[in-house]
Structures are given as structure tokens and as C-alpha cells.
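Order of listing sets the numbers, starting from 1, for every ligand and every atom in it.
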Amino acid sequence: MSFVKQLRNWFQGRRRDLPWRVTDARGLRDPYRTWVAEIMLQQTRVEAVVPYFENFMQRFPAVEDLAGASEEEVLKAWAGLGYYRRARFLHAAAQKVVEDCAGQFPSDAIGLRELPGVGAYTSAAVASLAFGERVPVVDGNVKRVVSRWAALELASDAPALHRAAEEQGALWMLELPAGDLTAAGELNEAMMELGATVCLPRNTICDACPVADSCQAKALGRVAELPLAKRAKKWVDLEMVFLVHRVGKRVLLEQQAGGWSPGLFEPPSQIIQQGTSQEAALEQLSSSSNPESHGIVRHTITHHRIRAHVFATKALAQSKHPNLRCPDDVPLTGLARKVLTRVLG
Ligand code: SF4
């Protein structure tokens, strides 16, 4: 049996019911739900995405609802999923679909790539699942499967591996039965599922693999070596001070204009620059002589490792300060949530 048949048979027997896998009479998915799910799934595990997806669909059941919402509402519905740029792109893309395309999603990968935040991966996923287009998806899972199955001597982040996975995927698409609208989406999902659940980076479960009999890395005993390791990430370590001003249930929260999460809210903070002290950074945040220390929280974002020294004070001069807000009412950064939990419990 061919690779494609083995993989599709295997996937058909284990496909899970997920809220974005609802299909119409032709077996195709709704493009709006598929697109939102794919964006959420980019950096987040399936189990973690399900409740966020269901909540998001309740708040914004159609692309018109998302387009008509404020950015703050969208960020709030996204809060907890991280990588907030995705939510901003989602919002901007919904507005483009409504304004430029009368609420209809482009029906092929090339057209979908015109939408903000939609790259090669998402456009291929939506085009194949919602419109039946025969275009392969390539993500980290797919690249790992291809690199092992064909025993390619390439690093996991090498552009050459990406190209090889696209080319191999396009060849497999040619083997799908003519006229079957669901085949391309199914093959793409099967590849991703194999990479996510069987052809794992470590503890690979080759004994449960449907394509083990044609896998080159398995035959050569090189599964653990492939794909080759990528260059180590260069971390930047940052020391910060956060000051939580409380007035009753409200906290002073500032909306971030730039940085890692523009548009989201955090308590006032300062980076402790080299050659300066924590006390000096704290002084810039507060005129209060005796803020209370709440220890240190750690957080990583992109290539930054942050150690945040948390302080709190109730001595805010103006209890009517415009930035005093209830933390539940605004979208917070991941770091802000950790800082506030440390102070407020
Ligand atoms: S046999 Fe092992 S290494 Fe090869 S594709 Fe299957 S799970 Fe991956």
C-alpha cells in the first residue's frame, strides 16, 4: 500500500471530534472556523485551544461579528493564548474579508495569503480543509516526518528542509483520487497528526507508525538523529521591577504602546539597566518610600528571559487616576498576570 493510502487509513481510524472539525454535506469545513482554529493552533496545543475556540465562537460566531468588535474585545477573548500579534492579525483579516470580499473568504491558498497574518501554512490548511485545494501544509511536525521518512541530512530549521517537505507534499497530493474534495485536507491533517502524536521529537513511537515499512530513518537506525539539531537560541536576560498600585479592587494598569504585546495592559515597570540598581528603578516608579516586596516572578517571551521583582503599594495619591482598572476588565500580558497573581493571589 502507498504512503498516502496508509496514512489516510490510519487517520480515518483515529480522527478526534473537535469543535472546528464540523463539515458540510460535501465534507468541507467552514472557512471562518477553520481559519480561527488554525491561527489558535499555531503556538498552542489542541487540548488548550478547545475552550478558547468555543468561547471565541460564542462571542464572534461569524466573521462579521469579529470584524465589528473592538480590538480590546478581541484581545480580551484571546487573553491566555499568548502571542497577541495573532489576535490583532485575526481582527484585521476579518475586517478585510468583510470590507473587501463581502464576507466571503478567498477560496484558494494564493488569495488567502492576501489576508493579514495568513502565511503559507495557514493558507494551505484553510484552502485544503475548507475548499479542497490540493496544496500541502508544512509545519514543524510535517518537516520532521518528511526528514525522517526520506532520511534527509538537514537541520530542522533549514530552508532546504522546508522546500523538500513542500515538494514531497505536492507529490503525495498527486496520488489522491480525482474528484475527492476532502482528500487534500485529510492528508494534511493526517501528516500533522502523525508528527504530533507518533513521529515525536523524542520518544518516537515507530511501532505505532502507519508508514514505518517505508521509513528510511527507521531502516537506517537514525530516527533519533533526524532532523539534525538547529543552532542554539541566544537568550537575552532581563531584570525588571514591577510596581502594583492598588486602590480597593482596582490596580494601576498601563496599556502597552510597543514592546512584546502592544495593546495589552501591565502594571508600571522599569528595566534595571546594567550599572543601575533595583532601588533606582523602583524610585522611578514610585514616590512611596516603603513599597512592599512580593518576591520574584520569572517569564520568557520570544528570546527574552525575564526576572521580575514585584513590589506593591496602596499609597496611590489619586484614587481617581484614569489608569486604575479592574484586572478582569482588560486584556493583560502573560507577565502581568503572573505579577498580579503574586500580589493579589
Ligand atoms: S517510522 Fe518512526 S521515524 Fe519513521 S515516520 Fe514513522 S514514526 Fe517517524
Does Arg29 form a salt bridge (Lys or Arg N to Asp or Glu O under 4.0 Å) with Glu189? I'd like the steps, not just the answer.
CA-CA 13 Å; Arg29 308 259 182 94; Glu189 279 201 312; 2.6 Å; yes

Close to atom 4 (Fe) of ligand 1, meaning under 2.8 Å, how many protein N, O or S atoms are there?
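If we list every protein N, O or S atom nearer than 2.8 Å to atom 4 (Fe) of ligand 1, we get 1.
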
Walk me through whether Glu73 and Arg59 qualify under salt bridge (Lys or Arg N to Asp or Glu O under 4.0 Å).
CA-CA 9 Å; Glu73 281 176 281; Arg59 292 180 76 162; 5.1 Å; no

Students often mix this up, so state it plainly: with edges at 30° and 60°, are the rings of Phe56 and Phe60 parallel, tilted or perpendicular?
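If you compare the ring of Phe56 with that of Phe60, the planes turn out perpendicular.
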
Check side chain to side chain donor-acceptor pair (under 3.5 Å) between Asp17 and all other residues, then give those that pass, not counting sequence neighbours.
none

Can you sort out the partners of Arg86 under salt bridge (Lys or Arg N to Asp or Glu O under 4.0 Å), two or more places apart, ordered by chain and number?
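With sequence neighbours excluded, Arg86 shows a salt bridge (Lys or Arg N to Asp or Glu O under 4.0 Å) to no residue whatsoever.
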
Kindly write out the residues that satisfy side chain to side chain contact (heavy atoms under 4.5 Å, CB included) with Gln95, not counting sequence neighbours, or none if the list is empty.
Ala67, His91, Glu99

